[in-house]
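What you see is a predicted model, and the numbers here were worked out from it, not measured in a lab.
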Amino acid sequence: MNNIYSTIGRGPGFTSIWDLKGKVLVIAEKPKAARKIAEALSQRYFVRNINDVTYFEIRDGPRQIIVASSVGHLYGLTTQEEGYPVYTYQWVPLYVVEKKKAHSYNYLEALRKLCTTSNYFVNACDYDIEGSVIGYLIIKFNGDPGRAYRAKFSSLTLSELREAFRRLTQLDYEMIEAGLCRHELDWLWGINVSRAIMRTVESFSKKKIILSAGRVQTPTLKYVSDIEKERNLFIPIPVYSVVPTIVKDGVKITLELINSPIRTKKDAYALAERIRREGFLTVESYVEHTTSVAPPPPFNLGDLQEEAARIYGYSPSKTQSIAEQLYLDALISYPRTNSQKLPSGLDFKSLLTKISQISNYSALVSDLLKETKGYLKPVEGDKEDPAHPAIYPTGVRPVKLSSEQWAVYDLIVRRFLAAFAGNAIIYRSTAKFALPGENIVFQATGQGIEDLGWYKYYPFHKPSVKVLPRFRNGERVEVVEVSVKTAYTRPPQRISKIGMLRWMESVEIGTEATRATIIEKLFERKYLVNTSRGVAVTDLGLGIVETLEIFFPELVKVELTRHFEKLMNDIKKGVVKREQVITEARNTLDMLIKKFNEKKETVGQILSSRLGIYTPPNKCAICNREEFSNGLCTYHYKANEQINKVYEEWKEREGVSFKEYLERIKKLKSTGKWVIEVIEHFYGGK
DNA sequence: GCAAGGTC
């Protein structure tokens with residue numbers, strides 16, 4: 001019997017799986033992908049079990065195809081050596097090196113047994129460098145790379161999978177080498193620098209404290225640390241505004257001064273007085289317009305994490321683990337994706353029909369089908385992902401979800417529905433007012449919803465309604481009140497975990513699968529702590545950044561990732577060999593570690609003092625940090641400079657004495673911590 | 001024990 005899929009689409013340089021004789025073992029990256037592959041290869045496959053692990057068997061005459069799966073990486077790098085620098089490492093099964101990896105034992109054992117009886121091997125993991133490494137290491141340690149092939153597909157649709165298995169290539173050694181190299185580089189930098197800083201603390205203070213540094217975590221820490229320092233050194237500056245209240249049709253409206261020319265308090269009061277004397281303003285323009293707001297694209301993981309944070313206050317890692325659970329329950333598609341596009345082959349009509357069976361959504365889906373008249377074309381975003389589409393509901397009916405699982409599931413369903421809905425029409429009006437004879441403009445705005453559009457399905461962005469009466473150009477409006485408002489410039493806000501994740505995305509470090517975990521790791525190390533207003537950096541976190549900036553500046557910068565990427569590309573192109581790259585990295589590290597070791601004592605002292613386990617003899621008069629200059633640490637020294645510098649602004653704007661200035665800024669909420677500490681220390685009074 | 005990467 002000839003398989004119905006076996007005869008079409010072969011080409012030169014390619015091998016069809018159907019031409020391989022004997023037993024062929026196909027290795028997928030994850031269980032769900034294995035099932036899809038089995039479905040694509042045959043309409044009749046047997047479901048089998050080994051070591052509690054499911055795999056699939058296809059029999060077709062003399063052919064036997066086994067489709068089994070990995071669960072991500074089954075091997076990891078490790079070393080037997082202690083201390084640093086360390087440059088020798090081996091690949092070993094993950095369950096050996098990492099605790100809590102027992103499940104990976106079962107999968108590896110199953111693959112090992114299947115490998116021993118197979119004649120050919122196909123690496124059918126995701127088509128990226130990690131997938132190339134995952135499949136390669138399994139075949140290398142349990143099978144035979146000389147009898148192995150690579151299947152290349154970028155989506156799990158049946159037609160693409162069938163095509164991929166008719167066009168197998170040799171193992172993709174360029175990708176494998178690039179992937180192995182990425183692992184080794186991250187390991188070399190991460191393990192060596194982590195050990196270096198841990199060991200200095202240990203030899204200085206005899207305390208074993210876990211510290212770490214890495215290509216992704218350290219630049220992220222540096223980013224938050226910059227915000228922390230700016231906030232702690234911040235001194236607000238007063239800015240003034242004049243706020244007239246007018247009356248129109250019996251309604252009081254307060255106006256906003258735009259393009260304020262006011263610099264000093266005196267100016268502000270003079271302008272207020274001038275308006276009071278005038279008693280009215282003239283309408284300079286009145287404009288009404290509508291804008292059309294398109295639905296947001298379907299969710300990728302970052303967008304989902306952002307919305308769950310904004311609407312429910314969930315941390316990115318919480319949202320991610322909820323989404324993973326929903327995926328394992330088959331309620332949603334694969335969540336670790338960057339794509340904002342739905343799969344083109346998806347039957348939207350039948351999926352919506354399935355969703356309409358879920359009582360919460362019956363009415364919404366019925367409205368959507370009416371509104372679209374069955375024309376179902378979703379909006380999509382620009383972001384793409386080579387391996388997965390955007391997150392969408394599968395139509396499987398949820399049972400027994402917790403309230404938090406429901407919340408995330410609901411966001412995903414509604415965002416999916418909204419993608420098919422029409423634009424929302426928002427109505428806005430703006431009135432501008434002038435003071436006769438002056439180049440000064442005040443403004444009032446109104447806003448309303450003319451057509452709900454997609455907000456009906458995804459109401460979490462719905463704009464608020466603000467009524468503004470109609471004005472005529474040239475109309476004189478009576479001013480009933482004028483006040484002078486003093487506001488203060490604001491420091492950068494404390495960042496949130498989702499803000500950190502968004503930043504990591506924007507500079508392209510980490511991946512969908514790892515960003516949330518790496519953020520949590522910074523908290524675990526006590527480099528960061530949560531406050532009610534967002535993430536704060538601890539003294540230890542600041543100290544780690546300072547130290548690494550001096551001794552391992554590469555590791556603090558986002559550019560190290562760009563550099564690695566370039567090296568990976570060169571390896572893929574065959575311009576450079578993995579061994580060369582590793583030798584170079586080793587030489588760089590060797591040199592940096594030598595310089596670091598010369599200052600081991602100092603670094604150990606600095607980090608120990610930041611850990612609060614040591615008080616330096618020349619310490620800052622205010623805190624426990626080492627002295628930098630004039631009896632102060634760098635931070636309090638800078639705060640003192642800042643106090644003197646910003647006083648010039650205050651003197652001009654408020655006309656206050658230095659003493660008054662200090663009293664005023666001490667009371668302001670956004671004045672930085674280090675500034676307050678300096679004021680209390682030098683200028684007295686708690 | 002230390003990284004970042006996959007997935008359960």
Any A:Thr514 side-chain N or O less than 4.0 Å from OP1/OP2 of B:dA4: no

Of the candidate nucleotides B:dG1, B:dG5, B:dA4, which contains the atom at the shortest distance from the side chain of A:Gln217? B:dA4

B:dC2 phosphate, OP1 or OP2, under 4.0 Å from A:Arg525 side-chain N/O: yes

Check every strand shown and say whether A:Tyr334 touches a base, only sugar-phosphate, or nothing at a heavy-atom separation below 4.0 Å. sugar-phosphate

When you compare the side chains of A:His183 and A:Glu130, does any donor N or O come within less than 3.5 Å of an acceptor on the partner? yes

For A:Thr511 and B:dG6, is the shortest distance between a side-chain N/O and OP1 or OP2 below 4.0 Å? yes

Sub-4.5 Å side-chain heavy-atom contact between A:Lys577 and A:Val581: no

Can you tell me if A:Arg336 touches the phosphate of B:dT7, counting only side-chain N or O atoms and a distance under 4.0 Å to OP1 or OP2? yes

Classify the nucleic acid contact of A:Lys521 as base, sugar-phosphate or nothing, counting any heavy atom under 4.0 Å across all strands shown. sugar-phosphate

Would you kindly check if the NZ (Lys) or CZ (Arg) of A:Lys140 is within the cone defined by 45 degrees around the ring axis of A:Tyr136 and under 6.0 Å from the six-membered ring centre? no

What is the distance from CZ of A:Arg515 to C1' of B:dG6, rounded to the nearest Å? 14 Å

Among B:dA4, B:dG1, B:dT7, the one nearest A:Glu82 by side-chain distance: B:dG1

Length of the line joining A:Leu74:CG and B:dG5:P, which is rounded to integer Å: 18 Å

Under 4.0 Å between any heavy atoms, over every strand shown, what does A:Leu185 touch: base, sugar-phosphate, or nothing? Just pick one. nothing

Checking all strands, does A:Ser212 fall into the base, sugar-phosphate, or nothing category for heavy-atom contacts under 4.0 angstrom? sugar-phosphate

According to a strict under-4.0 Å criterion, is A:Arg215 in side-chain N/O contact with OP1 or OP2 of B:dC2? no

Starting at the 5' end of DNA chain B, which residue's closest nucleotide do you reach first, A:His388 or A:Ile210? A:Ile210

